[in-house]
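What follows is one structure encoded as structure tokens, with my remarks underneath.
Just so we're on the same page: letters track the sequence lines, and every chain starts at 1. Values in this document were obtained by computation on a predicted structure and should not be read as measured data. Heavy atoms only: backbone and side chains are in, while hydrogens, waters and symmetry mates are out.
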There are 2 protein chains.
Amino acid sequence: MEKDTTYFGVKEIARRANVSIATVDRVIHNRTGVSEKTKKKINEIIKELDYQPNILASRLASKNIIILAVLIPRVSVETDFWDAPLYGIQRAEKEIKPYGIQIRTFFFDLNDENSFETQANLILEKGVNGVLLSPSFIAQSIRFTEECRRLKIPFVFIDSNIPEQHSLAYIGPHLFKSGYLGAKLLTYRKEKESKILVVNISKEIENYNYLQIEEGFRSYLQENQLSFEVIRADIKDTDYLSVARNLTQVFSENENIEAIFVTNSRVFSVATFLENKHRKNISLVGYDFLKENIQHLNTGTIDFLICHKPEEQAYRAIMVLYQTLVRGQQVEKTQYMPIDIITKENQEFYQILPV
Amino acid sequence: MEKDTTYFGVKEIARRANVSIATVDRVIHNRTGVSEKTKKKINEIIKELDYQPNILASRLASKNIIILAVLIPRVSVETDFWDAPLYGIQRAEKEIKPYGIQIRTFFFDLNDENSFETQANLILEKGVNGVLLSPSFIAQSIRFTEECRRLKIPFVFIDSNIPEQHSLAYIGPHLFKSGYLGAKLLTYRKEKESKILVVNISKEIENYNYLQIEEGFRSYLQENQLSFEVIRADIKDTDYLSVARNLTQVFSENENIEAIFVTNSRVFSVATFLENKHRKNISLVGYDFLKENIQHLNTGTIDFLICHKPEEQAYRAIMVLYQTLVRGQQVEKTQYMPIDIITKENQEFYQILPV
DNA sequence: ATCGAATTCGGGTACGTACCCGCAATATAC
DNA sequence: GTATATTGCGGGTACGTACCCGAATTCGAT
């Protein structure tokens, strides 16, 4: 097992340029104190040798440690969706910890805009090198990221995007296409004309996402000239009783509903309703790999779940920050996640990687 | 940004044990030359401090480089399936190259058992530290891995498994469940009774995989009491003309075929046939994210593709070897991949990560 | 008790890079 | 001209671990 002799380091560069290692180092980190002439010469040699710094040695020698902040919703009793990104963050942290990178996680309450603001301010006080956030509250997120930009702190969005904010990257779903796929799954091989119900269960906050999904959903029907009548139900209170009350009304007003699309992870509420009311033969499609959703998938009440790899989103987001801050690499600005289709038959293999 | 002060290294262990760093090092790598008494003492301190070696420093100081061999089919004109694992391997290699790990890739010809043997022997001659292989030829793979076991070279299977060979790990699909899902997709919301055609296009080699898939496929139909009549077509020659000839015959002998399941990636041949013969309204489900398959997905001839993340399989397999050889970690022995469902609507987001 | 071998251990250097310190040479000021 | 900045650069140490070399200690045999 011979040693890799094709590798040239700073030492070789210094030798070829007739300078010391320190000078080469100055050029590499473009610090001051090198004449234009030698700088140019060294840069040429670097290019010629296609010098790749040894990150191991680099991070070992460097004492400046990097701190990343994570700003995501706290896992609530209502949904354990944000568990998955947490796992992704832990997996990433474990991987890059030896590189001197630390992660501080800040949680906000999805029912409380102020908690977002408070936590965001905490991050700014701390002074971190990079931020990963879920921009659940648009206005507050804009304010926060604007401040980040001013302070030259790179930030990455996951789960949903604010395109105008010049984030370092967005890692999450293409919501329009996701809704588009939802319509496909809901209507695939459906021949009889019937009504389709689109249900949005959320406080108004998340409406932005919802709109893109519904737009995609309707586009599919339109493009494929499917003439199902689409009715909508907007349910502002997320508890089961509210959902049941609303749905009861919708069903009393509309006969012939044979398919339901829920625009977010609260599809389990609708499933519970259908099961309680013994309504069979209604197709149901919704979002996210939650324990409760999987249960209804297994009982057959939910036909398909759509999922965007939340664990992977967070993992990649951390790695994007790492690559930018430590390696100085360019990263893909928009990384759409796969739009995964989960059924009763493949759900058992859709698990997150162990930390 | 304070330095991480919670970390204790060998130096601290040596200090607490009143020995030198070298002695601690001897204990850590359980080399000889340490008395039982000091060994015990040092081990206690290690446990107490929950010492985690700094891999960066470790790999930097260590001069012994690790060589991994990869033994997979060459990308052929018939299918570019094995492109994806190659990408995964490249991605893994880039990541762990600075740790002193090198990868040598050996290709064999899927139409030539001998080429497998030749390449396998080459690997054994070279003397490598770990092997990743696709056991396309059962007998030859058994012989090869038996030799690996004798030489104490760990090996990992991807794509398909030989459970009795005590591999370090298997990373690939659960074929039975994959076929099971295939049946679901093919029959979902199909109400009319009709015939289902199961097509297997391959030289006999890959039959083992095929059998598990078909078993799963039939199980689904049986468990769900679906009384579609299943007919089979075994096509030994993989060129289009043979496929067309065979299918023509099957169709002439059977009317009322409304759904076709192809047990591997050659579903594009069947799709081409259907398009040439202008046979619409036949559902078609098959395997793998190949360019040609995607085309037929987009034209609507193929309804669903099932895919097992070949890029990820290879990536993970390399990482499993890395974790075992470098970090000495235990790894999951069987890692089933997700069984992904690809449709026209979500295919554009099912791409492999850039290297 | 003496000697040699075996056992047990510490000093020290290397891995490739970061970065501090300080010296020399040159430029600028008076 | 001398004094003082400024610029350009090299020496050297440190990061945490691996591992070589040789020294100290122990032990058994005579």
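Atom C1' of nucleotide dA18(C) and atom OH of Tyr99(A) are separated by 17 Å, given to the nearest angstrom. In this structure, NZ of Lys37(A) is placed 13 Å from C1' of dT26(C), rounded to the nearest angstrom. Atom CZ in Arg31(A) sits about 13 Å away from atom P in dT17(C), given to the nearest Å. Atom-to-atom, CG of Leu56(B) to C1' of dA18(C) comes out at 14 Å; the value is rounded to the nearest Å. Look at CD1 on Ile55(B): it is 11 Å from P on dA18(D), rounded to the nearest Å. Ile13(A) has its CD1 atom 14 Å from the C1' atom of dA18(C), to the nearest Å. The CG atom of Asn64(B) sits 13 Å away from the C1' atom of dC15(C) (whole-angstrom rounding). Taking atom NZ on Lys97(A) and atom P on dC15(D), their separation rounds to 19 Å, with Å as the unit.
Between Lys11(A) and Ile28(A), the residue whose closest nucleotide on DNA chain C is further toward the 5' end is Lys11(A).
Under the 4.0 Å criterion applied to side-chain N and carboxylate O atoms, Arg91(A) and Glu95(A) are not assigned as salt-bridge partners. Between Glu147(B) and Arg143(B) there is no salt bridge, since none of the side-chain N atoms of the basic residue sits less than 4.0 Å from a carboxylate O of the acidic one.
Under a 3.5 Å cut-off, the side chain of Lys40(A) and the backbone N or O of Ser35(A) do not form any donor-acceptor pair. A donor-acceptor distance shorter than 3.5 angstrom exists from the side chain of Asn54(A) to the backbone of Ala57(A), with no hydrogens or angles considered.
An OP1 or OP2 oxygen of dC19(C) is reached within less than 4.0 angstrom by no side-chain nitrogen or oxygen of His29(A). At the phosphate of dG16(C), neither OP1 nor OP2 sits under 4.0 Å from any side-chain N or O atom of Tyr51(A). Between Arg59(A) and the phosphate of dC15(D), there is no side-chain N or O to OP1/OP2 separation shorter than 4.0 Å.
The two atoms that bring Ala69(A) and Phe106(A) nearest to each other are CB-CE1, 4.0 Å, heavy atoms only.
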Result block: side-chain N/O donor-acceptor pairs under 3.5 angstrom for residues 159-166 of chain B, not counting sequence neighbours:
from	atom 1	to	atom 2	distance (Å)
Gln165(B)	NE2	Thr145(B)	OG1	3.0
Gln165(B)	NE2	Glu146(B)	OE2	3.3
His166(B)	ND1	Glu164(B)	O	3.2

Only pairs under 3.5 Å count here: list side-chain donor-acceptor contacts from residues 42-51 of chain B, not counting sequence neighbours, and write none if there are none.
from	atom 1	to	atom 2	distance (Å)
Asn43(B)	ND2	Lys39(B)	O	3.4

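Phe108(A) places a side-chain heavy atom less than 4.5 Å from the side chain of Phe137(A).
With sequence neighbours excluded, the residues that form a side-chain contact (heavy atoms from CB on, under 4.5 Å) with Lys11(A) are Ile21(A). Evaluation of the side-chain contact (heavy atoms from CB on, under 4.5 Å) rule for Asp25(B) yields His29(B), Arg31(B) as partners, not counting sequence neighbours.
With dG16(D), dT17(D), dT17(C) as the candidates, the nucleotide lying closest to the side chain of Ser58(B) is dT17(D). Which of dG16(D), dC19(C), dT17(C) sits closest to the side chain of Leu60(A) comes down to dG16(D). Closest to the Asp25(B) side chain, of the nucleotides dT17(C), dT17(D), dG16(C), is dT17(D).
Between the axis at the start and the axis at the end of the helix from dA1(C)-dT30(D) to dC30(C)-dG1(D) there is an angle of 50°, using five pairs per end and rounding to 10 degrees.
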Heteroatom pairs (N/O) under 3.5 angstrom, protein to nucleotides 5-14 of chain D:
from	atom 1	to	atom 2	distance (Å)
dC9(D)	OP1	Thr38(A)	OG1	3.4
dC9(D)	OP2	Ser35(A)	N	2.9
dC9(D)	OP2	Ser35(A)	OG	3.4
dC9(D)	OP2	Thr38(A)	OG1	2.8
dC9(D)	N4	Arg26(A)	NH1	3.2
dG10(D)	OP1	Ser20(A)	N	3.4
dG10(D)	OP2	Ser20(A)	N	2.6
dG10(D)	OP2	Ser20(A)	OG	3.0
dG10(D)	OP2	Thr23(A)	OG1	2.7
dG10(D)	N7	Arg26(A)	NH2	2.8
dG10(D)	O6	Arg26(A)	NH1	3.2
dG10(D)	O6	Arg26(A)	NH2	3.4

